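Worksheet: one structure, shown below.
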Amino acid sequence: MSAVAMLQKASLSHLKDPRLFREYSYSAGHWIAASNGDSVDVTNPADGSRVGCVPALQAAQVEEAIDAAHAAFPAWAARLPQERSDILKAWHSLIMDAREDLAQLMVQEQGKPISEARGEIDYAASFVEFYAEEAKRLNVESVTSHLPDAEMLISREPAGVAALITPWNFPSAMLTRKAAAALAAGCTVVAHPSSETPFSALALAELAERAGFPAGVFNVLTGHAPEVVGAMTASRKVRVVSFTGSTEIGRLLYQQSAPTVKKLVMELGGHAPFIAFADCDFGHAVDMAVAAKFATSGQDCLAANRFYIERRIYERFVEAFAARVEVMRVGPGSTDPDIGPLMNESAVAKQQGHVMDALEKGARLVTGGGFHSAGPLFYRPTVLADVAETALLFREETFGPVAGFAPFDSEEEVLARANDTETGLVAYLHTRDPGRIARFSRRLEFGMVAVNRTKITGAPIPFGGIKQAGLGREGSCMGMEDYTNVKYVCRDIR
Ligand code: NAP
């Protein structure tokens with residue numbers, strides 16, 4: 001074993017509960033390896049060291065897990081909601097008890113700063129707690145009849161087996177946001193976590209087993225996505241596909257789900273505009289702009305990608321923002337920096353590509369630009385001013401610590417520029433004018449609008465985008481809807 005690998009194993013052996021580190025898939029209540037012995041290596045983005053490996057399951061093994069989830073479905077769906085709620089509550093308290101271990105594991109495979117990882121565990125657990133309560137509120141409604149001698153009832157029934165496909169940037173929260181809603185509704189689950197960060201999901205499976213989910217109800221299946229997810233979308237037994245990830249893969253899964261007409265939930269990419277008018281609370285708006293860009297080292301679907309600042313305060317705003325960026329600490333997540341490593345080489349190359357393209361199209365480099373000495377996957381937090389509307393930075397999701405600014409002169413102009421995107425996930429607005437807040441809240445073409453603040457997420461809110469940012473909503477009572485079918489019953493009561 002190399003020195004780096006030994007260090008890695010040593011850091012995982014510091015887990016208070018080493019059984020949370022699982023190098024197997026979880027299927028039908030068993031921890032399994034790939035039938036042909038294949039595996040996928042997982043590396044720590046901070047230093048390239050090997051964290052471990054997980055099975056590269058074969059399609060036939062995925063079909064077996066789907067069969068188990070399908071077989072477990074009727075009994076799980078028939079449980080009293082209170083019983084499902086009790087198991088979800090037990091899962092929630094096990095997650096919170098294991099908070100520190102889960103956060104440490106996440107830093108190893110994902111690289112994010114440890115305090116952000118702890119925050120993600122709290123966020124992940126909050127969905128489990130929320131849906132433990134919502135499980136009890138899938139009420140039957142009665143409709144005022146328009147027909148004589150008829151009684152009309154509308155109920156929601158669990159849809160069946162749900163396939164959950166999650167990304168690497170929030171490896172715990174994106175899974176629980178889906179799984180807690182699906183399980184509360186009475187669905188059973190087959191989940192595929194990103195191959196770059198599977199250990200967080202496998203630790204959650206270990207805790208789910210301890211919480212008392214029956215065999216087959218919750219399965220975590222690792223391996224090459226085309227094979228594993230392909231078997232899920234091809235299966236007639238899978239009724240719901242809930243995906244969080246890039247718009248490109250979302251389109252592919254949409255197509256793959258068409259032949260079997262599955263219900264779809266899609267949480268896809270973002271390209272958030274951040275708009276600040278001259279009447280904003282200046283210092284607060286600058287702080288909020290920094291928060292909107294650099295959380296998760298910029299690898300966040302809610303990350304602001306385009307900063308539009310009213311011309312009267314533009315230069316001052318860019319300067320104040322850059323001053324905060326210049327003092328940011330960059331380093332491995334374990335040292336709790338402001339900016340950690342990016343996920344992989346292509347993410348780093350994308351930052352450099354967006355910076356070079358913006359400069360070629362006339363942008364001005366204010367600070368940063370280029371690779372960081374902390375390691376091959378670190379990029380310097382960067383600020384570019386006077387970015388052209390045609391620059392890649394203003395057209396594509398950058399997903400890293402590069403911020404681009406441009407001035408604007410009027411409401412109509414900035415609204416048109418902000419709305420000129422297919423990825424309508426979130427928009428940020430800073431102004432003190434109540435009329436403008438009302439106009440922009442209505443006219444911004446995004447699923448979520450943050451006014452004079454950055455943090456807006458949490459279990460009780462309907463998270464989601466419009467246009468090519470996705471379909472459906474996660475969180476809130478709406479987050480359970482896609483895991484249910486509406487049943488209308490009309491009874492003759494003569
Ligand atoms: P990604 O490449 O689309 O991967 C997401 C998931 O899809 C992973 O589990 C991945 O598995 C799987 N996948 C990849 N290729 C596939 C294929 N050919 N067939 C079936 N499945 C496939 O996205 P990512 O890079 O992990 O995540 C970043 C993206 O997620 C960004 O665009 C971000 O905006 C978006 N995101 C959106 C939200 C939201 O709520 N709207 C939240 C977080 C992230 P493997 O890793 O095993 O390949």
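Only a predicted model underlies this, so the values are computations on that prediction, with no experimental measurement involved. Start at 1 and go down the list; that is how both ligands and their atoms are numbered.
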- Only counting residues at least two apart or in another chain, list the ones meeting side chain to side chain donor-acceptor pair (under 3.5 Å) with Ser115. Asp336
- Query: Okay, side chain of Thr382, backbone of Val402: is any donor-acceptor separation there less than 3.5 Å?
  - Reply: no
- Task: Check whether any side-chain N or O of Glu129 sits under 3.5 Å from a backbone N or O of Ser126 as a donor-acceptor pair, and report yes or no.
- Result: no
- Message: Given a heavy-atom cut-off of 4.0 Å, could you list the residues near ligand 1 in chain and number order?
- Response: Ile165, Thr166, Pro167, Trp168, Asn169, Met174, Arg177, His192, Pro193, Ser194, Ser195, Gly223, Ala225, Pro226, Val229, Phe243, Thr244, Gly245, Ser246, Ile249, Leu252, Leu253, Glu267, Leu268, Gly269, Gly270, Cys301, Glu397, Phe399, Leu425, Phe463
- Taking Arg306 for the side chain and His271 for the main chain, is one N or O donor matched with an acceptor at less than 3.5 Å? yes
- Message: To the nearest 0.5 Å, what is the distance between CZ on Arg22 and CG on Leu204?
- Response: 13.5 Å
- Item | Expected output: side-chain Glu116 to main-chain Thr296 donor-acceptor under 3.5 Å | yes
